[in-house]
K.L.:
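Encoded as structure tokens, here's the structure I'll be asking about.
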Amino acid sequence: MNATTTAAAKPAAKESVTLTDNQNNKAVNLPLLPGTLGPKVVDVRKLYAETGMFTYDPGYTSTGSCESKITFIDGDEGVLLHRGYPIEELAEKSNFMEVCYLLLYGELPTEAQKAKFEEGVTRHTMLHEQMHQIFRGFRRDAHPMAVMCGVVGAMSAFYHDSTDITDPRQREIASYRLIAKVPTIAAMAFKYSIGQPFVYPRNDLSYAENFLHMTFAVPCETYKMNPVLAKAMDRIFILHADHEQNASTSTVRLAGSSGANPFACIAAGIACLWGPAHGGANEAVLAMLKQIGSKDRIPEIVKRARDPKDDFRLMGFGHRVYKNYDPRAKVMQKTCYEVLNELGMTNNPLLETAMELERVALQDDYFIQKKLYPNVDFYSGIILQAMGFPTSMFTAIFALARTVGWIAQWKEMIEDPAQKIGRPRQLYTGATKRPYVPIARRA
Ligand code: SDX
């Protein structure tokens with residue numbers, strides 16, 4: 001089988017790839033579809049019908065699963081755009097509510113649009129009072145991600161008036177409810193784990209301030225909001241908001257493709273994000289930095305990470321797409337300094353270990369050859385711990401911020417006229433057909 005690219009005759013500059021099956025002396029022409037940015041795709045939708053063969057790409061290293069206009073990543077250049085806007089500019093000049101609007105509707109909002117959107121989200125932050133009982137079914141030491149999976153999934157049992165995915169208005173209400181209530185649920189999971197009373201959302205606070213207030217305020221005294229920490233929280237939300245077709249977003253799209261309700265789809269995304277290879281890495285980075293302890297153990301750790309026989313990996317390093325520095329990690333590192341300075345923790349031993357680990361790894365030929373750089377998870381945990389969050393809350397915060405990205409991608413899929421249920425095939429290497437053997441005659 002070989003592939004040659006032929007440019008179609010002018011003027012329709014449609015290109016195609018011809019696959020030739022030498023065994024059967026057959027050739028199939030597959031269209032090349034160009035995007036506005038990034039690689040072209042080979043449209044293989046008719047491959048099976050015309051050749052009786054599948055493509056094979058476990059882990060989807062070379063597969064585009066959908067068409068999208070939301071987020072673009074150039075892994076070689078370390079570029080991340082949301083609806084065309086660079087993440088560095090959004091982190092510097094925008095705020096999370098505005099980025100939510102941009103991801104959902106495709107354009108930055110006008111003053112009036114932003115005010116209406118923010119009001120809509122603010123008015124949906126309270127959780128149905130009956131749902132408070134669900135928390136009581138968990139052990140106090142349940143991982144917050146287990147609680148998030150359960151409670152977000154249970155939202156489909158309480159908000160029946162926004163589960164009909166064919167109704168645009170219900171889709172919009174469900175989107176607002178999820179963006180608004182996930183911070184409340186995450187904060188309640190934390191409060192439940194430490195035996196403190198739930199703190200209700202307040203409509204006079206910003207999205208990030210509300211989350212800090214629900215997490216750290218107690219009924220016995222007035223919570224003093226630190227504007228530097230609130231700004232850092234808002235920026236951390238922006239940095240985690242969306243990231244193209246990552247594992248959890250692909251999970252949400254696949255669940256949504258069957259017509260499942262949005263609450264169930266987001267619960268599926270939360271479950272997938274929990275893995276240490278994905279959103280669970282921020283928690284794993286802190287555990288690794290604590291395990292390293294002092295800087296003089298770093299050469300030993302890097303040696304383990306290089307050893308193909310050792311399944312140890314440097315958490316917070318490497319990425320399927322970025323073969324350059326994750327642009328989010330650069331902003332996260334800057335935010336780390338701001339928060340530690342504000343809190344008078346500039347000689348934070350974890351940060352010192354992280355900085356030295358980054359310095360050594362980036363000069364190591366293994367990491368250079370494999371193009372492994374710090375990713376979004378490498379510094380976020382240091383900031384969150386300094387702000388007072390336990391490591392068990394780190395991935396819950398990632399899930400909180402990523403909910404808008406999951407919803408925006410789910411909405412785009414549902415509204416795509418070409419959308420159909422996702423149903424991949426396989427390369428079967430199991431037993432061929434054989435007759436049943438009664439138990440008496442088995443060896
Ligand atoms: C996120 O997809 C997204 O966009 C995700 C995310 C998002 O916003 O949604 O960006 C969030 O999940 C960030 C990634 C967080 N995970 C970690 O930090 C865990 C540590 N990183 C690795 O597990 C790994 O880098 C992955 C999972 C992130 C990417 O793995 P890939 O793309 O499958 O790459 P790979 O495992 O094939 O690695 C390529 C090579 C391998 O060596 P060889 O088999 O070629 O010999 O690089 C090595 C790996 O062994 N390698 C590492 C390494 N990461 C990859 N070696 C040591 N330490 C590492 N961290």
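Atoms considered below: every heavy atom in the structure, side chains included; atoms not considered: hydrogens, waters and symmetry mates. We count ligands from 1, going down the list as the structure has it; atoms in each ligand are counted the same way.
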K.L.:
Looking only at distances, please establish whether an N/O atom of ligand 1 is found under 3.5 Å from an N/O atom of Phe317.
P.N.:
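For ligand 1, there is an N or O atom that lies under 3.5 Å from one belonging to Phe317.
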
K.L.:
For ligand 1, is there an atom lying under 4.0 Å from some heavy atom of Asn375?
P.N.:
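Yes; Asn375 lies near enough to ligand 1 that a heavy-atom distance drops under 4.0 Å.
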
K.L.:
Please assess Tyr192 against Phe138 for the test ring-ring contact (aromatic ring centres under 6.0 Å, His included), listing each intermediate value before the final yes or no.
P.N.:
CA-CA 9 Å; Tyr192 183 71; Phe138 289 96; 7.4 Å; no

K.L.:
From atom 60 (N) of ligand 1, work out which of Asp242, Thr249, Leu314 has a heavy atom at the shortest distance.
P.N.:
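Of the listed residues, Leu314 has the closest heavy atom.
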
K.L.:
What I want to check is whether the side chains of Asn246 and Ser248 have a donor and an acceptor closer together than 3.5 Å.
P.N.:
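Ser248 and Asn246 do have a side-chain donor-acceptor pair below 3.5 Å.
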
K.L.:
For Ala281, counting its heavy atoms only, list the atoms of ligand 1 lying under 4.0 Å from any of them.
P.N.:
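Reading through ligand 1 atom by atom, the close ones are 15 (C), 16 (N), 17 (C), 18 (O).
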
K.L.:
Checking a contact table here: which protein heavy atom is nearest atom 15 (C) of ligand 1, and how many Å away?
P.N.:
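Nearest protein contact, heavy atoms only, for atom 15 (C) of ligand 1 is Asp377 OD2, 3.2 Å.
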
K.L.:
Please state whether the rings of Phe398 and His240 are parallel, tilted or perpendicular, taking 30° and 60° as the class boundaries.
P.N.:
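Ring orientation, 0 to 90° scale: perpendicular.
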
K.L.:
So between Gln369, Arg304, Lys370, whose heavy atom ends up nearest atom 42 (O) of ligand 1?
P.N.:
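Looking at heavy atoms only, Lys370 sits closest to atom 42 (O) of ligand 1.
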
K.L.:
Among protein heavy atoms, which sits nearest to atom 10 (O) of ligand 1, and what does the distance come to when rounded to 0.1 Å?
P.N.:
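Of the protein heavy atoms, His319 NE2, 2.6 Å lies nearest.
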
K.L.:
Identify the closest protein heavy atom to atom 52 (C) of ligand 1: which residue and atom is it, and at what distance?
P.N.:
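Looking only at protein heavy atoms, the one closest to atom 52 (C) of ligand 1 is Leu372 CD1, 3.5 Å.
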
K.L.:
Under 4.0 Å from atom 32 (O) of ligand 1, can you find at least one protein heavy atom?
P.N.:
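Protein heavy atoms within 4.0 Å of atom 32 (O) of ligand 1 - there is at least one.
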
K.L.:
Name the one of Phe117, Tyr159, Tyr101 that satisfies ring pair (Phe, Tyr, Trp, His ring centres under 6.0 Å) with Tyr176?
P.N.:
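Of all the options given, the one that passes is Phe117.
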
K.L.:
For a quick test of reading the model, state the closest non-hydrogen atom pair linking Ala264 to Asn261 and the distance between them.
P.N.:
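Between these two residues, the closest heavy atoms are N-OD1, 2.9 Å.
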
K.L.:
Is ligand 1 less than 4.0 angstrom away from at least one heavy atom of Tyr366?
P.N.:
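A heavy atom of Tyr366 does come that close to ligand 1.
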
K.L.:
What atoms of ligand 1 come within less than 4.0 Å of a heavy atom belonging to Ala305?
P.N.:
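Those atoms are 56 (N), 57 (C).
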
K.L.:
By number and element, which atoms of ligand 1 are closer than 4.0 Å to a non-hydrogen atom of Gly316?
P.N.:
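Under 4.0 Å from Gly316, ligand 1 has these atoms: 17 (C), 18 (O).
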
K.L.:
Show the atoms of ligand 1 that are less than 4.0 angstrom away from any heavy atom in Arg402.
P.N.:
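In order of numbering, the contacting atoms are 7 (C), 8 (O), 9 (O).
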
K.L.:
Does ligand 1 have an atom that lies less than 4.0 angstrom from a heavy atom of Ala277?
P.N.:
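Checking ligand 1 against Ala277, which is what was asked, there is a heavy-atom contact under 4.0 Å.
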
K.L.:
Phe398 versus ligand 1: do any nitrogen or oxygen atoms come within less than 3.5 Å of each other?
P.N.:
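Looking only at distances, the answer is no, because the N/O contact criterion of under 3.5 Å is not met.
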
K.L.:
I want to know whether His132 and Phe198 have ring centres closer than 6.0 Å.
P.N.:
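Centroid separation for His132 and Phe198: below 6.0 Å.
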
K.L.:
Step through it carefully: locate the ring centre of His243, locate the ring centre of His82, and say whether they are under 6.0 Å apart.
P.N.:
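Centroid separation for His243 and His82: 6.0 Å or greater.
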
K.L.:
Consider ligand 1: state whether an atom of it lies below 4.0 angstrom from any non-hydrogen atom of Arg328.
P.N.:
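Within the 4.0 Å threshold, so yes.
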
K.L.:
Would you say the rings of Phe211 and Phe389 are close, in the sense that their centroids are separated by under 6.0 Å?
P.N.:
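Judged by ring-centre distance (under 6.0 Å), Phe389 and Phe211 do meet the cut-off.
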
K.L.:
Starting from atom 12 (O) of ligand 1, find the nearest protein heavy-atom neighbour and note its residue, name and distance.
P.N.:
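Answer for atom 12 (O) of ligand 1: His278 ND1, 2.9 Å.
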
K.L.:
Check whether any protein heavy atom sits under 4.0 Å from atom 44 (O) of ligand 1.
P.N.:
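Protein heavy atoms within 4.0 Å of atom 44 (O) of ligand 1 - there are none.
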
K.L.:
Among all protein heavy atoms in this structure, tell me which lies nearest to atom 29 (C) of ligand 1, with the distance rounded to 0.1 Å.
P.N.:
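Scanning the protein heavy atoms, the shortest distance from atom 29 (C) of ligand 1 goes to Arg320 N, 3.7 Å.
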
K.L.:
Pick out which of Arg45, Lys46, Lys40 makes a side chain to side chain donor-acceptor pair (under 3.5 Å) with Asp43.
P.N.:
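It is Arg45; the other options fail the test.
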
K.L.:
With atom 49 (C) of ligand 1 as the reference point, say which of Lys323, Lys371, Arg313 has the nearest heavy atom.
P.N.:
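Among Lys323, Lys371, Arg313, the closest heavy atom to atom 49 (C) of ligand 1 belongs to Arg313.
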
K.L.:
Below 4.0 angstrom, counting only protein heavy atoms, does anything approach atom 39 (C) of ligand 1?
P.N.:
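There is no protein heavy atom less than 4.0 Å from atom 39 (C) of ligand 1.
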
K.L.:
Just checking, is any N or O donor in the side chain of Arg235 or Thr335 under 3.5 Å from an acceptor N or O on the other one?
P.N.:
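The answer is yes; a qualifying pair exists.
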
K.L.:
Using the salt bridge (charged side-chain N to carboxylate O under 4.0 Å, His left out) rule, pick out the option among Arg328, Lys330, Lys323 that qualifies with Asp326.
P.N.:
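Between Asp326 and the candidates, salt bridge (charged side-chain N to carboxylate O under 4.0 Å, His left out) is satisfied uniquely by Arg328.
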
K.L.:
Check each of Lys69, Glu67, Gln419 against Glu412 using the side chain to side chain contact (heavy atoms under 4.5 Å, CB included) test, and report the only one that passes.
P.N.:
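So the option named by the test is Lys69.
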
K.L.:
For atom 28 (C) of ligand 1, what is the closest protein heavy atom, and at what distance to 0.1 Å?
P.N.:
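Residue, atom and distance for the closest contact: Gly318 O, 3.7 Å.
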
K.L.:
Any chance the rings of Phe317 and Tyr373 have centres within less than 6.0 Å?
P.N.:
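No, ring centres 6.0 Å or more apart.
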
K.L.:
Under the 4.0 Å line, does any protein heavy atom show up next to atom 2 (O) of ligand 1?
P.N.:
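Yes, there is a protein heavy atom closer to it than 4.0 Å.
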
K.L.:
Check this for me - ligand 1, His243, N or O atoms closer than 3.5 angstrom, yes or no?
P.N.:
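In this structure, His243 places an N or O atom under 3.5 Å from an N or O of ligand 1.
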
K.L.:
Atom 19 (C) of ligand 1: which protein heavy atom is closest, and how many Å away?
P.N.:
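Of every protein heavy atom, Met315 CE, 3.5 Å lies nearest to atom 19 (C) of ligand 1.
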
K.L.:
Less than 6.0 angstrom separating the ring centers of Phe158 and Phe263, yes or no?
P.N.:
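Not under 6.0 Å, so no.
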
